[in-house]
Number of protein chains: 2
Amino acid sequence: MELSSTAHVILGMLRNEERSGYEIKQAVDGSTRFFWAASYGQIYPQLKQLSKLGLIEGTEAPRGGRKRTVYRLTPAGRAELRRWLADPAETFELRDEGLLKLFFSGAGTPGDAAGSVADKRRYHADKLDRLREIEPAVKALGDPYPYMVLSHGIEYSEWMIAWCERVEHDLAGAGRGGRRAA
Amino acid sequence: MELSSTAHVILGMLRNEERSGYEIKQAVDGSTRFFWAASYGQIYPQLKQLSKLGLIEGTEAPRGGRKRTVYRLTPAGRAELRRWLADPAETFELRDEGLLKLFFSGAGTPGDAAGSVADKRRYHADKLDRLREIEPAVKALGDPYPYMVLSHGIEYSEWMIAWCERVEHDLAGAGRGGRRAA
DNA sequence: GCATGCATGTAAGGAGTTACATGATTCA
DNA sequence: TGAATCATGTAACTCCTTACATGCATGC
């Protein structure tokens, strides 16, 4: 009875407070999304599944007249979360279409390579902006780990932007030519 | 008629030479695997598909008495490859279970957090070794772009290892305790 | 009254991995 | 002779996203 990795995000998101499926989705989108996403199509069926397994339990908690179910960890659920935390991570996957294009750029124009790197720089600059926005709130949390992970994201983005700038400079040195307007 | 991203890896891998499905898989495993993987279950059906679309063409090229089909780009296939190279990349996805565990580490023991970071450091140190092994061969290529991408991988791994070491040091400062033997 | 947000879900489909099956060849 | 490698493929399965559907509540 292997739990899916999405199951563990749910258990993790319930570690300190009870939450509805909707709120779990909000929490994921506001925090782990950059390195671990989850959609409603995964979350709601998993909540049912985890309830059936006795790892979480849901109670009706309507807001006004609007129906709402919040879930919390059972002791078994907390044990499973802890067991998972103590185990080595299995998944590290990167899918980077920009690097793929850069890799094959010999088949295109010099502008293609420069364009791929510039796109990548903008993508990460944009991400950096969004991470910096949430930084004060995350830093103010009692829990130090989310801030550690956020710092990782910020420093990673900074490193990536610097790498892109350097490569863009190198590419501009040999053979000029842009592809698109910046 | 949107092409899958796997289709473009295949087109890219055929940009300079003709290759069999088996050789494409070898090439992917020896180069783009870290940021763009592909399995036989994708490659062989895609080769059929791309043939039907007229973007590649296969010829029988037995090696000894062993059956073998090599594929090369048609003009239409090369045009599609160039079109794709000039377009902005759409996909950048990261799935990092180690970061997820670190994020939720407040629900575990202090050793769990340190363990997740140590695992991550070892994972990237190992990857770095493998990248350094192929570095001379890639550098010797006529095409500069694969080496650019390899350098990205090497410098990224180095950055990641340094980040892990720093965090491990910080974590060791507050509350000692290891989780597993290194 | 209408748009937006809260809240829960499902159906369909795409993408990708794993495991399996087959068979030839090469090398120790 | 047997193991490893070359070579091609398929079936089943998991995972995940997207699009859709429903309906209440809130605020403009």
Side-chain angles (χ1 to χ4, degrees), chain A residues 1-10 13-14 18-30 32-52 56 58-71 90-97 100, chain B residues 1-10 13-14 18-30 32-52 56 58-71 90-97 100:
Chain A
M1 182 212 64
E2 273 287 306
L3 287 180
S4 76
S5 39
T6 301
H8 290 112
V9 191
I10 292 175
M13 285 300 177
L14 299 178
E18 49 181 34
R19 280 176 161 144
S20 67
Y22 188 82
E23 288 165 340
I24 289 171
K25 168 73 169 149
Q26 304 287 103
V28 166
D29 284 348
T32 67
R33 148 183 66 140
F34 290 114
F35 56 92
W36 207 279
S39 65
Y40 289 126
Q42 296 168 268
I43 291 170
Y44 283 112
Q46 271 298 315
L47 286 170
K48 294 279 167 68
Q49 178 71 7
L50 290 170
S51 285
K52 207 159 56 184
I56 62 176
T59 55
E60 294 307 306
R63 208 104 99 168
R66 192 190 285 148
K67 219 175 161 186
R68 182 163 162 273
T69 310
V70 293
Y71 296 87
E90 275 162 27
T91 303
F92 180 87
E93 280 167 28
L94 182 63
R95 278 179 87 73
D96 186 334
E97 200 186 358
L100 194 63
Chain B
M1 181 213 64
E2 274 285 307
L3 287 180
S4 76
S5 41
T6 301
H8 290 112
V9 191
I10 292 175
M13 285 299 177
L14 299 177
E18 50 182 34
R19 279 176 161 144
S20 67
Y22 188 82
E23 287 165 342
I24 289 171
K25 168 72 168 150
Q26 303 286 103
V28 166
D29 284 348
T32 67
R33 150 182 65 139
F34 290 113
F35 56 92
W36 207 278
S39 64
Y40 289 126
Q42 296 168 268
I43 291 170
Y44 283 112
Q46 271 298 316
L47 286 170
K48 293 281 166 68
Q49 177 72 6
L50 290 171
S51 284
K52 206 159 59 185
I56 61 176
T59 55
E60 295 305 307
R63 211 100 97 175
R66 192 189 286 146
K67 220 174 161 187
R68 183 163 162 272
T69 310
V70 293
Y71 295 86
E90 273 162 30
T91 303
F92 180 87
E93 279 167 28
L94 182 63
R95 277 178 87 73
D96 187 334
E97 200 186 357
L100 194 63

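By convention in this document, chain letters (A, B, ...) are assigned in the order of the sequence lines, proteins followed by strands, and residues within each chain are numbered from 1.
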Peer 1: What's the NZ-P distance between B:K67 and C:dG23, to the nearest Å?
Peer 2: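 Between P of C:dG23 and NZ of B:K67: 12 Å.
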Peer 1: Indicate the atoms forming the closest heavy-atom contact of A:M13 with A:A27, along with that distance.
Peer 2: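 Nearest heavy atoms, A:M13 then A:A27: SD-CB, 3.8 Å.
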Peer 1: Rounding to a whole Å, what distance do you find between A:E97:CD and C:dA15:C1'?
Peer 2: 14 Å
Peer 1: Could you state the CZ-P distance from B:R68 to D:dA7, rounded to the nearest angstrom?
Peer 2: 5 Å
Peer 1: From the set D:dT17, C:dG9, D:dC6, return the single nucleotide nearest to any side-chain atom of A:A37.
Peer 2: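 Among the listed nucleotides, the one closest to the side chain of A:A37 is D:dT17.
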Peer 1: How close do B:E97 and A:E90 get, heavy atom to heavy atom, and via which atoms?
Peer 2: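 Smallest heavy-atom distance, with atoms named: OE1-N, 2.7 Å.
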Peer 1: Sub-3.5 Å donor-acceptor pair from the side chain of A:R68 to the main-chain atoms of A:A61, do we have one?
Peer 2: yes
Peer 1: Take B:P45 and B:E23, find for each the nucleotide of DNA chain D with the closest heavy atom, and name the residue whose nucleotide sits nearer the 5' end.
Peer 2: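 Between the two, 5'-proximity favours B:E23.
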Peer 1: OP1 or OP2 of D:dA25 less than 4.0 angstrom from a side-chain nitrogen or oxygen of A:R63, does that happen here?
Peer 2: no
Peer 1: Separation of B:I43 atom CD1 from D:dT8 atom C1', in whole Å?
Peer 2: 12 Å
Peer 1: Would you say B:Y44 reaches D:dT8's phosphate, i.e. side-chain N/O to OP1/OP2 under 4.0 Å?
Peer 2: yes
Peer 1: Starting from C1' on D:dA7, measure out to CG on B:L47 and report it in whole angstrom.
Peer 2: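 Those two atoms, CG and C1', are 12 Å apart.
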Peer 1: Taking atom P of C:dC6 as reference, at what distance in whole Å does atom CG of A:D29 sit?
Peer 2: 12 Å
Peer 1: With a 4.0 Å cutoff (strictly under), does any side-chain N or O of A:S20 reach OP1 or OP2 of C:dT8?
Peer 2: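 The answer is yes; a side-chain N or O of A:S20 sits under 4.0 Å from OP1 or OP2.
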Peer 1: With a cut-off of less than 4.0 Å, is there a side-chain N or O of B:Q42 near OP1 or OP2 of C:dT17?
Peer 2: yes
Peer 1: Separation of B:R33 atom CZ from C:dG16 atom P, in whole Å?
Peer 2: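 B:R33 atom CZ is separated from C:dG16 atom P by 17 Å.
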Peer 1: Output yes when a side-chain donor or acceptor of B:K25 lies under 3.5 Å from a complementary backbone atom of B:A38, and no otherwise.
Peer 2: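 Yes, because the side chain of B:K25 sits within donor-acceptor range (under 3.5 Å) of the backbone of B:A38.
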Peer 1: Counting only side-chain N and O atoms of A:S39, is one of them less than 4.0 Å from OP1 or OP2 of D:dT18?
Peer 2: no
Peer 1: Here's a test for you: under side-chain contact (heavy atoms from CB on, under 4.5 Å), which of B:I24, B:V70, B:L50 qualifies with B:L14?
Peer 2: B:I24
Peer 1: Verify the contact: side-chain N or O of A:T69 to OP1 or OP2 of C:dA7, cut-off strictly under 4.0 Å; return yes or no.
Peer 2: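 No, no such contact exists.
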Peer 1: Taking all non-hydrogen atoms of both residues, which atom of A:A37 and which atom of A:Q42 are closest, and how far apart?
Peer 2: O-OE1, 4.4 Å
Peer 1: State which of D:dT5, D:dC15, C:dT8 makes the closest approach to the side chain of B:Y22.
Peer 2: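 For B:Y22, the side-chain atoms sit closest to D:dT5.
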Peer 1: Does A:T6 have a side-chain nitrogen or oxygen under 4.0 Å from the phosphate oxygens OP1 or OP2 of D:dC16?
Peer 2: yes
Peer 1: Give a yes/no on whether any side-chain N or O of A:K48 is located under 4.0 angstrom from OP1 or OP2 of C:dG9.
Peer 2: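 Looking at the OP1 and OP2 atoms of C:dG9, one of them is under 4.0 Å from a side-chain N or O of A:K48.
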Peer 1: In this structure, how many angstroms lie between the P atom of C:dA15 and the CD atom of B:E2, rounded?
Peer 2: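 Rounding to the nearest Å, CD of B:E2 and P of C:dA15 are 9 Å apart.
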Peer 1: Would you indicate what B:G64 reaches in the nucleic acid, counting non-hydrogen atoms under 4.0 angstrom: base, sugar-phosphate, or nothing?
Peer 2: nothing
Peer 1: Just call it for A:R66: base, sugar-phosphate, or nothing, with non-hydrogen atoms closer than 4.0 Å on any strand.
Peer 2: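 Base contact.
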